[in-house]
Amino acid sequence: QVQLVESGGGLVQPGDSLRLTCVASDRTYNAMGWFRQAPGKEREFVAAFNWKNNHAYYADSVAGRFAISKDNAKNTLYLQMNSLKPEDTAVYYCSAGRPILSALRLPSAYTSWGQGTQVTVSS
């Protein structure tokens with residue numbers, strides 16, 4: 001099972017930007033994703049990258065504001081978050097696995113998870 005370590009969360013004001021980083025211990029996966037969970041809510045899909053088709057996927061709520069990038073040599077996935085809103089406040093989790101495309105947005109499709117990093121957007 002791949003080990004994942006996230007970093008980069010913090011407290012920012014609305015409209016600010018943050019970049020989250022996820023470092024994987026190896027490359028035994030074909031997709032990595034970002035999910036988030038706010039207090040009292042279920043874990044929800046944010047974004048994912050699939051190496052089988054070299055394509056990034058985004059939730060409608062973040063499309064156009066968030067962007068995934070990667071450094072294959074470092075087994076690292078980034079999530080650039082721009083124009084942050086208070087509703088983006090949550091614990092953000094990195095995930096890795098071998099989901100089929102139709103399951104890419106489901107937490108249950110991923111086998112490895114990081115410890116999470118808190119993102120708080122508040123004025």
Side-chain angles (χ1 to χ4, degrees):
Q1 192 173 10
V2 61
Q3 304 299 312
L4 303 172
V5 179
E6 307 109 327
S7 61
L11 171 63
V12 297
Q13 295 186 340
D16 285 352
S17 298
L18 276 177
R19 189 177 78 161
L20 305 184
T21 299
C22 177
V23 180
S25 59
D26 57 48
R27 278 296 309 274
T28 57
Y29 48 85
N30 60 24
M32 289 182 74
W34 288 99
F35 290 78
R36 66 187 181 186
Q37 189 165 17
K41 295 188 176 181
E42 293 187 352
R43 191 166 298 190
E44 65 173 0
F45 172 78
V46 176
F49 188 85
N50 188 304
W51 269 268
K52 292 187 70 176
N53 62 7
N54 206 38
H55 189 74
Y57 300 82
Y58 298 96
D60 290 344
S61 59
V62 307
R65 299 189 297 124
F66 292 11
I68 275 184
S69 61
K70 55 189 176 58
D71 186 331
N72 291 336
K74 296 181 179 179
N75 293 338
T76 299
L77 190 75
Y78 304 99
L79 183 68
Q80 179 65 43
M81 305 186 296
N82 299 324
S83 302
L84 282 161
K85 304 176 181 180
E87 50 264 44
D88 294 318
T89 296
V91 177
Y92 283 69
Y93 296 92
C94 177
S95 61
R98 308 183 69 84
I100 58 175
L101 280 179
S102 60
L104 202 68
R105 299 167 186 260
L106 300 178
S108 59
Y110 295 82
T111 54
S112 298
W113 292 87
Q115 80 285 356
T117 185
Q118 177 71 46
V119 172
T120 302
V121 185
S122 175
S123 56

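Side chains included, hydrogens not; waters and symmetry mates left out as well; all remaining heavy atoms used.
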Measure the [atom1]-[atom2] distance between [X] and [Y] for me, rounded to the nearest 0.5 Å.
| X | Y | atom1 | atom2 | value |
| --- | --- | --- | --- | --- |
| K52 | R98 | NZ | CZ | 7.5 Å |
| W34 | T117 | CH2 | OG1 | 7.5 Å |
| Q1 | D26 | CD | CG | 10.0 Å |
| R36 | T89 | CZ | OG1 | 9.0 Å |
| S69 | L79 | OG | CG | 8.5 Å |
| K70 | C22 | NZ | SG | 14.5 Å |

| request: Using the six-membered ring wherever Trp is involved, compare the ring planes of Y93 and W113 and label them parallel, tilted or perpendicular (cut-offs 30° and 60°). | output: perpendicular
Is there a donor-acceptor contact under 3.5 Å from the side chain of [X] to the main chain of [Y]?
| X | Y | answer |
| --- | --- | --- |
| S95 | G33 | yes |
| R105 | Y58 | yes |
| E6 | G116 | yes |
| Y110 | L104 | yes |
| Q118 | G9 | no |
| T76 | D71 | no |
| Q3 | S25 | no |

What closest approach, in Å, do [X] and [Y] show between heavy atoms, and which atom pair accounts for it?
| X | Y | answer |
| --- | --- | --- |
| A103 | A109 | O-CB, 3.3 Å |
| S83 | R65 | O-NH1, 2.9 Å |
| N53 | N50 | OD1-O, 3.2 Å |
| N30 | P99 | OD1-CD, 3.7 Å |
| Y29 | G97 | CB-O, 3.3 Å |
| V62 | V46 | CG2-O, 3.5 Å |

| request: Using a cut-off of 6.0 Å, state whether more than 12 heavy atoms not belonging to E42 lie near its atom CD. | output: no
What about [X] and [Y], same hydrophobic cluster or not, with Ile/Leu/Val/Met/Phe/Trp/Tyr joined at side-chain heavy-atom distances under 4.5 Å?
| X | Y | answer |
| --- | --- | --- |
| F66 | V91 | no |
| L20 | L11 | no |
| L4 | W51 | yes |

| field | Non-neighbouring partners of F45 that pass ring pair (Phe, Tyr, Trp, His ring centres under 6.0 Å), sequence neighbours left out | value |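 So F45 forms a ring pair (Phe, Tyr, Trp, His ring centres under 6.0 Å) with F35.
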| V119 vs M81 side-chain heavy atoms within contact, under 4.5 Å | yes
| Beyond-backbone contact of I68 with M32, side-chain heavy atoms, under 4.5 angstrom |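 Side chain of I68 against side chain of M32, heavy atoms only: no contact under 4.5 Å found.
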